[in-house]
Every structure is written in structure tokens, then in C-alpha cells.
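Encoded as C-alpha cells, the structure appears first; notes follow it.
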Amino acid sequence: MKIVIIGTGGVGGYYGGLLAQQGEEVVFLARGAHLQAIQQHGLQIKSIHGDVTIQPAQATDHLEGLGAVDLVVFCVKTYDTAALAQAIRPVVGQQTTVVSLQNGIDAAEQIGAVVGMPHMLGGVTWISSAVEAPGVIRQVSQFRRVVLGELDGSLTPRLQAIFEAFQRTGITVEISQAIRKVLWTKFVFISSVSALGSLTRLALGEYRAVPETRAMMRQLMGEVEAVARAQGVALDEDVVDKSLAFIDAAAPGIKGSMQVDVDAGRRTELECMLGVIARQGRQLGIPTPVADMAYAALLPVDLKARG
């Protein structure tokens, strides 16, 4: 399978590296010092599941001339989605499938608006991984899970083929016939961790059991659940309790990717993590006071990072 990884960061670099290790023809889109290091020394993955080095690794900062590929795995920060959706057009042929493993809930629709929704496959991932240094990915979570599904719930040959390619890497991979439910279920968890981690600037284990903070986290999860249900997404009745249980079971040192960006003074995915809750809540007439407060508190931080 010929695969292009759009965004060779913690997610794209890790999964792309594992796919390349299993013999898939993988091209990594990267830039700057990270690109140069990969081209010169290969892509290094340092993981609690075992280290991997892909050398040589095919890496580039442009897609022109590659021709159509079988699969595009979209892993850039959500604020770059529109620009990169345009950039992938040279490699999207008639049979190309595009799957987003980005945060948030509407990446497939944003990319599909550019390349056509028939190319889109739903995807969700759970992983804690980041670029440690140019050319080096550090993956730290026991969980490394991917769920794939057609957006209309059908079972197709392309879904099965992509599932099998990911399965060969040794990660946890599943097929879902309700991928939108999976997307929103993850969003209940990731939006709250992004908000509370970014506000407290503490690791997960340092705030999850503080009663007042936990109550705030639960309320934010409830707001996300209400927005999802208002759009017809049939979440599990105990989705909030399950999300809190997942947080309780996670390694105490974990920080969400948005919090890592806040700590580093970089632009964040604030709009897709919190802004979208407030916007959709207003459209649907659903109060989202915690999401509104967290967004307002973190917006100046994000604006400063954008310069």
C-alpha cells in the first residue's frame, strides 16, 4: 500500500513509522529541521512498546510529482487542516482513501469539502506521543488505539484493507459501524483533559482527583454530551462515567497535546477542542458555561502564541 503521512508529528510519525516497518511504502510530509533529520538519519521512534528506526525514510516537504496514492493519513494540527487539505490534492486519485486521525469532531468534513467526501474514511486514535527532537518521536502511553469506520456505517473492501495494514503494526485497531459515536465519545474525554490540563498546567494525576476540579471536568463532559445528543449522536448513557474511569486508569504523568503546546508557548487547537463546543452549543440552544469559561481563559494564551 502506498501511503502518505500528512504531518510527521507524534501521531503521524508514530503510526507512519510502524506502517513503514511492516513494509508499506510510506512517504512522510514534514518540514524544517525535522524534515532534514529524517532525510539524513531516518525516522527514530522511542516507545514503551519498543524502539523503531526507519532508515532510509522517504520524507518530503511537497507532494507534487508523487502521483496518486492508496491512502492519505491526515495528522496535522487542526488549525492547518484547510491549507493541507488543498496540498494533498496532487496525490488524491480516483481510488485514494483519506483518513483523519486529528483531534476534534469535524476534520473529515473539512477535508472532504476540498477532496470530496467519497474519499473520506472516519478515524479516531488514542495515543500519547510527541516529537522529542528533530527526527525523533517519543511515544509514552500504554494505549495506542485506532478505530476506523465508513462515515455511513457500511463495511467496505477499502476499510478492511486499511484495518489489516494497521493491524499488522501490533497496535490496537478496530472497525466501527458507528464512527461518529466513537469520535464524540473520544471528544468527551479529550476536550475535558485539554481544558483542565491547559488551565492547571499540571499532569493528569495531579488534578484528576481534586474534588472541585473533578466536578468541573464532569460538568464539561456533560456539556459535550448534551451537544452531541442534540445532533442525534447516540452516545452511551454512561459516557461521562466511562470517560472519567479512563482518565483514572491513565498514567499520572500524561498531558494532552493541547496542554503540551500551551506549556511550550505554541499555537494550540483551542478552537477545535473548546471553541467548537461553545459555537455548536449556541446554535443548538444548549448552555455550555464551563466550555465558555475555559475558552475565554485560554484564548489570550493562544492569541499570544499566534503572535
Side-chain angles (χ1 to χ4, degrees), residues 3-22 24 26-31 34-35 38 43-52 54 57 59 71-81 84-85 87-88 97-108 110-111 120-148 162-163 165-167 169-174 179 182-183 186-187 189-191 193-194 197 250-251 254-261 264 266-269 272-273:
I3 302 170
V4 170
I5 302 294
I6 305 299
T8 310
V11 175
Y14 183 72
Y15 290 133
L18 295 189
L19 288 164
Q21 183 189 34
Q22 293 305 311
E24 308 294 348
V26 180
V27 178
F28 298 92
L29 187 71
R31 59 190 176 188
H34 193 44
L35 171 63
I38 296 170
L43 177 66
Q44 299 178 58
I45 295 173
K46 298 179 180 180
S47 169
I48 62 171
H49 300 279
D51 296 346
V52 174
I54 306 302
L71 175 64
V72 177
V73 184
F74 216 89
C75 302
V76 298
K77 295 292 187 180
T78 51
Y79 47 75
D80 285 332
T81 298
L84 271 298
I88 69 172
T97 302
V98 182
V99 60
S100 165
L101 296 180
Q102 297 167 276
N103 287 320
I105 48 175
D106 57 357
Q110 291 185 48
I111 302 165
M120 300 307 301
L121 187 74
V124 190
T125 189
W126 292 256
I127 190 170
S128 184
S129 185
V131 176
E132 181 178 75
V136 182
I137 306 295
R138 170 75 69 176
Q139 191 273 328
V140 299
S141 56
Q142 287 292 339
F143 52 89
R144 43 176 191 162
R145 177 187 175 208
V146 171
V147 180
L148 303 166
I162 295 166
F163 164 79
F166 274 91
Q167 191 176 48
T169 68
I171 69 166
T172 301
V173 58
E174 304 159 33
I179 195 67
V182 178
L183 274 164
K186 179 194 174 180
F187 193 55
F189 152 73
I190 196 67
S191 59
V193 169
S194 297
I254 284 178
K255 295 182 178 182
S257 60
M258 180 172 140
Q259 180 182 355
V260 172
D261 288 337
R266 294 189 292 261
R267 185 178 180 181
T268 74
E269 295 184 300
C272 89
M273 291 292 202

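Nothing fancy with the numbering, it's 1 onward along the sequence.
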Spacing of CZ belonging to Phe74 relative to CG belonging to Asp80, to within rounding of 0.5 Å: 8.5 Å

4.5 Å side-chain heavy-atom contact, Val98 and Ile111: yes

Interatomic spacing from OG in Ser194 to CE in Met273 - rounded to 0.5 Å: 3.5 Å

side-chain contact (heavy atoms from CB on, under 4.5 Å), paired with Phe143, selected from Thr172, Ile254, Ile171: Ile254

Straight-line distance of Ser47 OG to Ile127 CD1, nearest 0.5 Å: 7.5 Å

Pair Val4-Ile88, side chain to side chain contact (heavy atoms under 4.5 Å, CB included): steps then yes or no: CA-CA 9 Å; Val4 170; Ile88 69 172; over 6 Å; no

Atom CZ of Arg266: over 12 foreign heavy atoms under 6.0 Å: yes

Minimal non-hydrogen separation, Ala30 against Ile38, with atom names: CB-CD1, 4.4 Å

From Ile54, Val52, Val136, residue fulfilling side-chain contact (heavy atoms from CB on, under 4.5 Å) relative to Ile45: Val52

N/O donor-acceptor pair under 3.5 Å between Gln259 side chain and Gly197 backbone: yes

Point-to-point distance, once rounded to the nearest 0.5 Å, from NZ of Lys186 to CZ of Arg145: 10.0 Å

Inter-residue atom distance Asn103.CG - Ser191.OG, 0.5 Å rounding: 10.0 Å

Contact check, side chains of Trp126 and Ile190, non-hydrogen atoms, under 4.5 Å: no

Sole candidate of Thr125, Thr8, Val11, Ile6 that passes side-chain contact (heavy atoms from CB on, under 4.5 Å) when paired with Cys75: Val11

Exam field: side chain Gln102 to backbone Val76, donor-acceptor pair closer than 3.5 Å: yes

For the student: nearest non-hydrogen atoms of Leu148 and Val99, plus distance: CD2-CG2, 3.9 Å

Check: Gln21 and Thr169 side chains under 4.5 Å, non-hydrogen atoms: no

Side-chain (His34) to main-chain (Gly135) donor-acceptor, under 3.5 angstrom: yes

Whether Glu269 side chain and Thr78 backbone form a donor-acceptor pair below 3.5 Å: yes

CD-CD distance between Gln167 and Gln22, expressed to the nearest 0.5 angstrom: 11.0 Å

Any donor-acceptor N or O pair under 3.5 Å, side chains Ser141, Gln139: yes

Full working for side chain to side chain contact (heavy atoms under 4.5 Å, CB included) between Val182 and Glu174: CA-CA 11 Å; Val182 178; Glu174 304 159 33; over 6 Å; no

Side-chain heavy atoms of Val146 within contact of Tyr15, under 4.5 Å: yes

Tyr14 six-ring face occupied by Arg144 cation (under 6.0 Å, within 45°): no

Phe166 to Val173 - nearest heavy-atom pair and separation: CB-CG2, 3.9 Å

For Leu43 against Gly13, the heavy-atom pair lying closest together: CD2-O, 3.5 Å

Ser129 to Ile137 - nearest heavy-atom pair and separation: OG-CG2, 3.3 Å

